Number of protein chains: 2
Amino acid sequence: MLGRPREFDENGAREVAMQLFWAKGYEATSLSNLLAAMGISKSSFYQTFESKHTLFEQCLNQYRDIIVSTMSKGLANAPTSMAFIRHALVDIANDTNDPLGRRGCLIMNTASEFSQRDSSIARCVEAGIQATRDIFLQAVNAAQADGDISSNTRADILADYIVTVVSGLKNQVKAGASRKQIINIAELSVSTLQEMA
Amino acid sequence: MLGRPREFDENGAREVAMQLFWAKGYEATSLSNLLAAMGISKSSFYQTFESKHTLFEQCLNQYRDIIVSTMSKGLANAPTSMAFIRHALVDIANDTNDPLGRRGCLIMNTASEFSQRDSSIARCVEAGIQATRDIFLQAVNAAQADGDISSNTRADILADYIVTVVSGLKNQVKAGASRKQIINIAELSVSTLQEMA
DNA sequence: GTAATATAGGACCAATTAGTCCAATTTACA
DNA sequence: TGTAAATTGGACTAATTGGTCCTATATTAC
């Protein structure tokens with residue numbers, strides 16, 4: 001290891017960038033926004049992260065890793081798998097309070113903004129959705145084994161359904177829905193899962 | 001009415017702009033994109049539509065009017081209200097085929113892109129969601145009267161739930177879900193509506 | 001000391017952005 | 001024929017965009 005060592009924390013700077021992209025989207029986050037928030041010079045930026053686009057892909061993957069890790073721990077620590085699923089849906093209501101919550105989900109935001117126009121971004125998006133879907137799939141399988149969800153419907157379809165409702169709820173939050181509305185919708189979809197024939 | 005009459009069709013030009021905004025979003029649609037697609041000069045554009053932002057608001061309202069009208073007719077012509085609801089969900093699977101379908105919903109796309117940062121746009125978004133929610137509310141009330149949906153759950157919550165699932169499904173389509181996946185999820189949520197206790 | 005690397009800062013770039021303004025022209029109606 | 005209004009096209013702004021390059025300086029290992 002020769003030469004002067006890096007002064008800033010690369011991962012920390014990426015984390016800051018991720019928060020910005022999350023709140024504002026890719027296009028609306030300018031290079032100057034990034035530099036100011038990350039606290040580094042343009043030279044350091046390009047030397048370390050290559051380009052805005054490259055950094056964004058890294059942020060997407062970092063985001064995916066974070067939510068996968070958070071969800072996995074949540075599932076492992078939940079009293080039952082059904083409780084985990086219920087919490088994943090109902091807890092979205094808490095996003096209605098602060099502006100941070102109203103950011104939605106970085107992966108879904110990205111899908112909405114421009115995954116159609118950029119195949120490498122599209123791959124990141126698909127990988128992210130796949131990863132969360134897999135965790136819900138584990139939860140559904142376990143909940144079916146517990147008898148909390150009927151086994152009449154295929155677990156993979158139920159997992160897709162949960163991802164869909166989560167994404168729809170996050171959309172509603174971004175669009176301005178109230179806390180009470182989100183709770184009602186979430187509770188309704190939980191009960192449909194439980195009361196399925 | 002004095003002076004030279006307008007050569008282009010104002011509503012037609014707005015319609016073209018709406019299609020562009022729908023496919024690409026607000027920021028990604030540049031003025032030159034608009035002028036080229038609308039087939040008018042920059043001078044005519046600013047004389048007629050005031051600004052890109054004003055035109056966008058008009059497009060949002062026009063979009064809302066179109067879907068409200070389409071949905072109202074669909075509800076009126078459907079064999080049953082339940083059939084209308086079912087069709088609204090399952091038909092989203094057809095969006096997976098063509099690139100046009102993968103545009104999602106202009107209102108939800110706008111909510112995702114920047115409704116938080118622009119209060120006048122936020123009002124358009126809320127009005128749009130409210131309008132579609134109201135139609136689903138009518139449909140749910142009718143379906144409950146028909147006995148196709150249980151009356152145990154409040155109709156307004158069910159309407160919110162349907163809007164959520166529709167928005168989630170459109171998200172999934174944008175993110176790359178397959179036709180079969182969408183059908184399965186849609187059918188599942190329809191059956192949960194029907195089989196509710 | 002020297003090589004290697006990181007730093008900040010600024011000059012510079014070509015392109016694009018939304019938007020204004022003007023001049024010349026065209027069309028209609030009274 | 002005169003007036004009002006719409007047309008095109010181009011000149012023009014001021015700002016911003018992502019990105020490159022260069023210089024000068026600082027820090028480390030060998």
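Bear in mind the structure is a predicted one, so any value in this text is a computation, not a measurement. Protein chains get the first letters and strands the later ones, always in sequence-line order, with residue 1 at the start of each.
A heavy atom lying under 4.0 Å from DNA chain D marks the following residues of residues 15-42 of chain B, by number: B:S41. Sorted by residue number, the members of residues 49-56 of chain B with any non-hydrogen atom under 4.0 Å from DNA chain C read B:S51, B:K52.
Regarding contacts with the backbone of C:dT7, a side-chain N or O of A:S44 is found under 4.0 angstrom from either OP1 or OP2.
A salt bridge does not link B:R102 to B:D95: none of the charged nitrogens lies less than 4.0 Å from a carboxylate oxygen. Look at B:E27 and B:K24 and you find no salt bridge, because none of the NZ, NE, NH1 or NH2 atoms lies under 4.0 Å from a carboxylate O. The pair B:D160-B:R133 counts as a salt bridge, with a side-chain nitrogen and a carboxylate oxygen less than 4.0 angstrom apart.
Taking hydrophobic clusters as Ile, Leu, Val, Met, Phe, Trp and Tyr residues chained together by side-chain heavy-atom distances below 4.5 Å, B:M108 shares a cluster with B:I67.
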Quiz prompt | Trace of the side chain to side chain contact (heavy atoms under 4.5 Å, CB included) decision for A:N109 with A:K174 | solution = CA-CA 10 Å; A:N109 294 354; A:K174 289 192 90 173; 3.2 Å; yes
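Residues passing the side chain to side chain donor-acceptor pair (under 3.5 Å) test with A:S72, sequence neighbours excluded: none. Partners of A:D98 according to the side chain to side chain donor-acceptor pair (under 3.5 Å) rule, which considers only residues two or more places apart in sequence or in another chain, do not exist here. Residues meeting the ring pair (Phe, Tyr, Trp, His ring centres under 6.0 Å) test with A:Y26, sequence neighbours left out: A:F21, A:F56, A:F114.
Proximity of a side-chain donor or acceptor of B:Q144 to a complementary backbone N or O of B:N141 within less than 3.5 Å is not detected. The closest donor-acceptor contact from the side chain of A:S44 to the backbone of A:I40 lies at 3.5 Å or more, if one exists at all.
Across the protein-nucleic acid pair, B:F8 atom CZ and D:dA5 atom P stand 16 Å apart, rounded to whole Å. Atom P of nucleotide C:dT20 and atom CZ of B:F45 are separated by 11 Å, given to the nearest angstrom. Taking atom OH of residue B:Y46 and atom P of nucleotide C:dA18, one finds them 7 Å apart after rounding to whole Å. At whole-Å resolution of the value, CD in B:Q47 and C1' in D:dA4 are 12 Å apart.
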Quiz item: What one-letter contact string describes nucleotides 22-27 of chain D from 5' to 3', where B marks a base within less than 4.0 Å of any protein heavy atom, S marks contact via sugar-phosphate atoms alone, and - marks no contact?
Solution: ----BB
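Judged purely by distance below 3.5 Å, without hydrogens or angles, the side chains of A:T132 and A:D134 never pair a donor atom with an acceptor atom.
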